Amino acid sequence: MTSASSSPVTETILNFIDGSYRKGSEGKSFPNVNPATGTAIGVVHEASQADVADAVAAAKAALTGPWGKMTTAERVKLIAAVATEIERRADDFLAAEVADTGKPRHVASHIDIPRGAANFRMFADVVSTMPGESFNTSTPDGGQALNYTVRKPKGVVAVVCPWNFPLLLMTWKVGPALACGNTVVVKPSEETPRTAALLGEVMNAVGMPKGVYNVVHGFGPGSAGEFLTSNPDVDAITFTGETGTGQAIMQKAAIGVRDISFELGGKNPAIVFADADLDKAVEGLSRSVFLNTGQVCLGTERVYVERPIFDAFVARMAAAAQGFKPGVTSDRAYLGPLISAEHREKVLGYYRRAVEDGATVVTGGGVPEISGAEAGGFFVEPTLWIDVAHGDTVMREEIFGPCCGIVPFDSEDEVIALANDTVYGLCASIWTENMSRGHRVAAAMDVGVCWVNSWFLRDLRTAFGGSGHSGIGREGGVHSLEFYTEITNICVKL
Ligand code: NAD
Ligand code: 6OD
């Protein structure tokens, strides 16, 4: 049981260690707040340093227990069963995700929960079909040697997660980690602990051996996040979150020379050429700017539009933004709240800064009028700026809100230079009907992922990640196996 009560409104959210739900051993807890109403709806039990050490010890012990002895076929069967069980309990996961994030149900039911299941099923397939590598080598004595590789799990993997797509981003790492035979200790965001905790029920239901999947709740520095990443029995750390947090975790990873995989922030450009299909571009960029209330690492907070269509594009985007109704209960609701009062203050600070720096607000810029139960929610208006300069703060720093600056450009070379002039390198989205140009400009983008005439269109077999301040490494398909396994090359003199 994740909870002391069956009501999601009063849920007590517990740590999951060695197959059992546990309170924090120091008796500490913190409130779980629904961002759509601003009210506390649960209590989260914070893991102490001893609890985190217990979770890591359980994960380490599980490596040599029944889990470590399973064949790949047995292991992937269990992992596929996790996917099926998430699907069977989709309503429970949906309720948990909506309670934690405040996001509209249709967003969570179309994106977060199905991906939670797909992340297990897909990596079960990848591991089952992974080919090996071998080389025949000529030796100095005129003979031959055979080189081939075997892959082994890294060991105990720490999975440190953010709050924007909690189940999706956590399982994106837990799926491949387990498929490769590792064990995990997950530290969900303090804002969104529920789905990670609920997944413990799924693990027990499918018969996952104890200690393979563990969850510790808490914060970063001086709490579960730091306790976990500095624990010497953790063999590798995979992290999704802010660039600054990544830097702090990297220092801990240096102790013991542990491997890291980082998916960090972004300040992603979208580029709309004059020959783009304007209907499709406006629809696509309405998603890339406003989906999940802009709380998407892949969000395009910088939008460059070729001058001949600039005014038309701005007018169409403004109409789209004004069509979104903030709130979560209505069928038309698209813009949920931001995750917290603190994050709303940060976003509103950028809204003020844009105006101070001379931007013109096309639409939005403040807090919407909302009555009823959602009056206390952490909503902001969808916001568009023009007359922003390349060096303005809102064009350089990640805001993580439903907003973007829209800037005209005159040539391909100019826009490539503007798009690439950032410390980040996560993704870009290019809109053109000239596919020769589409390919050319996409290849010129200094990013990990570039979409042409689309955005956030995912095939889980592809490499995903960012360069520069946006991350270290790539995950997805076989790329995940590079991180979650250790290779031994065996050389046999024939
Ligand atoms: P965050 O970095 O504040 O927190 C992420 C996690 O790290 C949380 O669980 C937090 O408790 C933990 N943490 C914080 N400090 C820590 C420390 N010193 N040691 C160990 N753990 C620590 O990020 P967030 O606010 O939860 O998420 C938003 C950020 O995540 C944005 O910058 C966004 O771009 C980024 N993000 C990136 C991707 C990607 O794929 N590149 C995906 C989603 C989110
Ligand atoms: O789709 C994914 O695998 C992924 N990591 C998405 C990240 C979204 C960021 O907010």
Side-chain angles (χ1 to χ4, degrees), residues 30 44 46-47 52 101 111-112 114-116 118-119 122-123 158-173 175-176 186-193 196 215-231 234 237-253 260-268 288 291-299 301 338-340 342-343 346 397-401 424-427 447-449 455-477 479-480:
F30 55 94
V44 189
E46 185 176 350
V52 174
T101 61
I111 300 179
D112 302 65
R115 260 299 294 280
N119 286 336
M122 196 277 300
F123 283 108
V159 183
V160 183
C161 308
W163 43 257
N164 55 335
F165 293 104
L167 181 70
L168 185 162
L169 290 170
M170 186 259 293
T171 54
W172 171 240
K173 281 141 180 318
V186 173
K187 210 301 273 174
S189 168
E190 52 274 33
E191 309 284 0
T192 53
V215 180
V216 290
H217 296 297
F219 303 86
S223 182
E226 184 178 347
F227 301 151
L228 178 59
T229 51
S230 52
N231 186 305
V234 165
I237 303 169
T238 182
F239 167 70
T240 306
E242 285 183 10
T243 304
T245 309
Q247 287 170 340
I249 291 178
M250 213 166 168
Q251 291 182 341
K252 302 294 177 193
I260 50 170
S261 173
F262 283 178
E263 296 179 13
L264 309 176
K267 189 72 184 178
N268 311 298
S288 68
L291 177 71
N292 214 38
T293 316
Q295 301 166 119
V296 185
C297 60
L298 306 163
E301 292 182 357
L338 295 172
I339 192 68
S340 63
E342 185 189 3
H343 187 51
K346 179 180 159 194
E397 295 181 8
E398 182 187 56
I399 300 170
F400 229 52
Y424 293 106
L426 188 54
C427 80
V447 295
V449 186
W455 173 80
F456 204 174
L457 178 59
R458 295 282 287 114
D459 179 328
L460 307 187
R461 296 167 299 183
T462 61
F464 183 92
S467 57
H469 288 204
S470 289
I472 296 179
R474 297 289 183 276
E475 297 199 33
H479 306 281
S480 295

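Atoms within each ligand, like the ligands themselves, are counted from 1 in listed order. Note that the structure is a prediction, hence the values are computed from the model and not measured.
Within the listing of ligand 2, atoms 1 (O), 2 (C), 3 (O) sit less than 4.0 angstrom from a heavy atom of R458. Every atom of ligand 2 is numbered from 1 in the order shown, and the set under 4.0 Å from a heavy atom of F165 is 10 (O). With ligand atoms numbered from 1 in the order given, ligand 2 contributes 5 (N) to contacts under 4.0 Å with heavy atoms of E263. Ligand-side atoms of ligand 2 in range of L169: 4 (C), 5 (N), 6 (C), 7 (C), range being under 4.0 angstrom from any heavy atom.
Protein heavy atom at the shortest distance from atom 2 (O) of ligand 1 is T245 OG1, 2.7 Å. Among protein heavy atoms, atom 19 (N) of ligand 1 sits closest to I249 CG1, 3.8 Å. For atom 12 (C) of ligand 1, the closest heavy atom belonging to the protein is V160 CG1, 3.7 Å. Nearest protein heavy-atom neighbour of atom 34 (O) of ligand 1: E398 OE2, 2.5 Å. For atom 23 (O) of ligand 1, the closest non-hydrogen atom of the protein is E242 N, 3.4 Å. Counting only heavy atoms of the protein, atom 36 (N) of ligand 1 lies nearest to C297 CB, 3.6 Å. Scanning the protein heavy atoms around atom 8 (C) of ligand 1, the nearest turns out to be C161 O, 3.2 Å. Atom 8 (C) of ligand 2 has C297 SG, 3.2 Å as its closest protein atom, hydrogens excluded (heavy atom only). In this structure, the protein non-hydrogen atom closest to atom 28 (C) of ligand 1 is F400 CE2, 3.7 Å.
Using a 4.0 Å cut-off between heavy atoms, L426 contacts ligand 1 through its side chain alone, with no backbone atom that close. Heavy atoms of K187 found under 4.0 angstrom from ligand 1 belong to the backbone as well as the side chain. By the criterion of a heavy-atom distance under 4.0 Å, neither the backbone nor the side chain of A224 is placed next to ligand 1. Counting heavy atoms under 4.0 Å from ligand 1, residue L264 touches it through the backbone alone. Under 4.0 angstrom from ligand 2, there are no non-hydrogen atoms of Q295. Heavy atoms from both the backbone and the side chain of V296 come within less than 4.0 Å of ligand 2.
Within the 4.0 Å heavy-atom shell around ligand 1 one does not find G466.
Of the protein's heavy atoms, at least one falls inside 4.0 Å of atom 21 (N) of ligand 1.
Counted by atom type alone, E475 and T238 present one or more donor-acceptor pairs between their side chains at under 3.5 Å.
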